[in-house]
Protein chains: 2
Amino acid sequence: MERRTAQRQAIRDAIGQARRPLSAEEVLAVARRRCRGLGQATVYRALGSGVQEGWLKCVQMPTGPARYEIAELPHHHHFECTRCHRVFDVNGCPGRLDRMVPSGFTLQRHEILLFGLCAGCRNN
Amino acid sequence: MERRTAQRQAIRDAIGQARRPLSAEEVLAVARRRCRGLGQATVYRALGSGVQEGWLKCVQMPTGPARYEIAELPHHHHFECTRCHRVFDVNGCPGRLDRMVPSGFTLQRHEILLFGLCAGCRNN
DNA sequence: TCCATATTGATAACTGTTTCTCAATTATCG
DNA sequence: CGATAATTGAGAAACAGTTATCAATATGGA
């Protein structure tokens, strides 16, 4: 059966407390604060099984590593800072995207990606 | 100085005649029809210099290789078929995306990505 | 406590994509 | 026509991100 470990707890907490999608590297950095010596393989394994189990969702951006966020969040989109490369959630969605779909095509899902400077980078 | 070669001509034509963004592999396949023995290194080199020169634009999707399209096309977005992974242009843009940006952030650019089945895959 | 085995960390290996290397080829100029 | 240097093709290598390997460790039940 599945065992409770300090490593997985730290990883879950890191993701749960972040207000934005985190990369494996970011998860590792945060979770290591509570779990010394945590290995990156463990993070990748936990992320993979989190997605399998359905409580985690993988967010792919055009470049850079995958980010992970809690699966149950309401529909939203993402903003990537072009300087620090952190990804943030943005809420709202223009809708009506099915109007853009060429005739004969079937729309399954969509993503809106915003790029620019986050508040922190804009002021530094 | 820069020389005119059959290879570059075939590559330019392949991109110019496609009605959608092509990956390096797709460009190679098309351009090889007119230029036997064309190598992939040549395609990558031509795509790179096309972007440098400004007439080509690189389209990055969350997964898969970069696609390339003519730079001067009017503002539009992309649709990727989840079955054949070809990328198509879609026109129209909902606009008003700046409303979604968190306060303090600066929006530089945006991308709308649609995913689903293209007409060909839907009927097969 | 002890055991069976799930889990871990370090590291090697892998994947898909792209770039580099280099000898051979070829376009352009005089 | 040469000479010169840009360009090419094949293959090796780089690259970032991720997954696999495996011995050591630690969990949860008996």
Side-chain angles (χ1 to χ4, degrees), chain A residues 1-15 21-53 55-69 78 80 82 84-87, chain B residues 1-15 21-53 55-69 78 80 82 84-87:
Chain A
M1 87 306 310
E2 184 166 281
R3 297 175 180 177
R4 303 184 87 253
T5 66
Q7 288 88 338
R8 282 209 272 257
Q9 190 58 51
I11 291 166
R12 264 182 253 118
D13 289 354
I15 295 166
L22 300 183
S23 66
E25 191 182 2
E26 289 174 316
V27 171
L28 180 61
V30 174
R32 251 186 187 157
R33 296 207 279 262
R34 293 219 291 95
C35 191
R36 300 299 172 80
L38 176 63
Q40 64 165 12
T42 301
V43 172
Y44 277 109
R45 277 186 291 243
L47 295 174
S49 46
V51 171
Q52 286 281 67
E53 294 158 17
W55 62 274
L56 251 194
K57 202 162 117 186
C58 181
V59 178
Q60 298 272 8
M61 300 294 283
T63 59
R67 310 315 204 291
Y68 295 85
E69 66 182 3
H78 299 101
E80 178 175 340
T82 54
C84 68
H85 300 292
R86 288 185 298 177
V87 175
Chain B
M1 87 305 307
E2 184 166 281
R3 298 175 179 177
R4 302 185 88 251
T5 65
Q7 287 89 338
R8 281 209 273 257
Q9 190 57 52
I11 291 166
R12 264 182 253 119
D13 289 353
I15 295 167
L22 300 184
S23 65
E25 191 182 2
E26 289 173 318
V27 171
L28 179 61
V30 174
R32 251 185 188 159
R33 297 206 278 262
R34 291 220 290 97
C35 191
R36 300 298 171 80
L38 176 64
Q40 64 164 14
T42 301
V43 172
Y44 277 109
R45 278 185 292 243
L47 294 174
S49 48
V51 171
Q52 287 281 69
E53 294 158 18
W55 62 274
L56 251 195
K57 201 161 117 187
C58 181
V59 178
Q60 297 273 5
M61 300 296 282
T63 58
R67 310 313 204 295
Y68 295 85
E69 65 181 4
H78 298 100
E80 179 175 339
T82 54
C84 68
H85 300 291
R86 287 185 299 177
V87 175

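Convention: sequence-line order gives letters A, B, ...; per-chain numbering from 1. Please read these numbers as outputs of a predicted model, since none were measured by experiment.
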Where do N or O atoms of nucleotides 8-13 of chain D meet protein N or O atoms at under 3.5 Å, pair by pair?
| residue | atom | partner | partner atom | Å |
| --- | --- | --- | --- | --- |
| dT8(D) | OP1 | Thr5(B) | OG1 | 2.8 |
| dT8(D) | OP2 | Arg8(B) | NH1 | 3.4 |
| dT8(D) | O3' | Gln7(B) | NE2 | 2.9 |
| dG9(D) | OP1 | Gln7(B) | NE2 | 3.4 |
| dG9(D) | OP1 | Gly37(B) | O | 3.3 |
| dG9(D) | OP2 | Gly39(B) | N | 3.1 |
| dG9(D) | OP2 | Thr42(B) | OG1 | 2.2 |
| dG9(D) | N7 | Arg45(B) | NH2 | 2.8 |
| dG9(D) | O6 | Arg45(B) | NH1 | 3.2 |

Listing time: all N or O pairs from protein to nucleotides 15-17 of chain C that are below 3.5 Å?
| residue | atom | partner | partner atom | Å |
| --- | --- | --- | --- | --- |
| dT17(C) | OP1 | Pro65(B) | N | 3.4 |

* Verdict with reasoning, Lys57(A) to Val51(A), per side-chain contact (heavy atoms from CB on, under 4.5 Å) -> CA-CA 6 Å; Lys57(A) 202 162 117 186; Val51(A) 171; over 6 Å; no
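One interatomic measurement links the two molecules: CG of Leu47(A) to C1' of dA20(D), which rounds to 17 Å at whole-angstrom precision. Protein atom CZ of Arg3(A) is 12 Å distant from nucleotide atom P of dA4(C), rounded to whole Å. Separating the CD atom of Gln60(B) from the P atom of dA16(D) is a distance of 15 Å, rounded to the nearest angstrom. Atom CE in Met1(A) sits about 12 Å away from atom C1' in dC3(C), given to the nearest Å. Note: CG (Leu28(A)) to C1' (dA10(C)) measures 13 Å, nearest angstrom. Rounded to whole Å, the distance from CD on Gln9(A) to P on dG28(D) is 12 Å.
Of the possible polar contacts, none joining the Arg67(B) side chain to the Leu22(B) backbone as a donor-acceptor pair under 3.5 Å is found. Between the side chain of Arg8(A) and the backbone N or O of Thr42(A), no donor-acceptor pair lies under 3.5 Å.
Residue Gln52(B) qualifies as open at atom CD: its count of foreign heavy atoms under 6.0 Å is 12 or below.
Residues His78(A) and Gln60(A) have side chains that never bring a donor and an acceptor to within less than 3.5 angstrom of each other.
Interatomic distance, Leu28(B) CG to Ile11(B) CD1, rounded to the nearest 0.5 Å: 8.0 Å. Distance check, rounded to the nearest 0.5 Å: SG of Cys58(A) to CD of Glu69(A) gives 9.5 Å.
Paired with Asp13(B) under the rule salt bridge (charged side-chain N to carboxylate O under 4.0 Å, His left out), one option of Arg33(B), Arg32(B), Arg34(B) passes, and it is Arg34(B).
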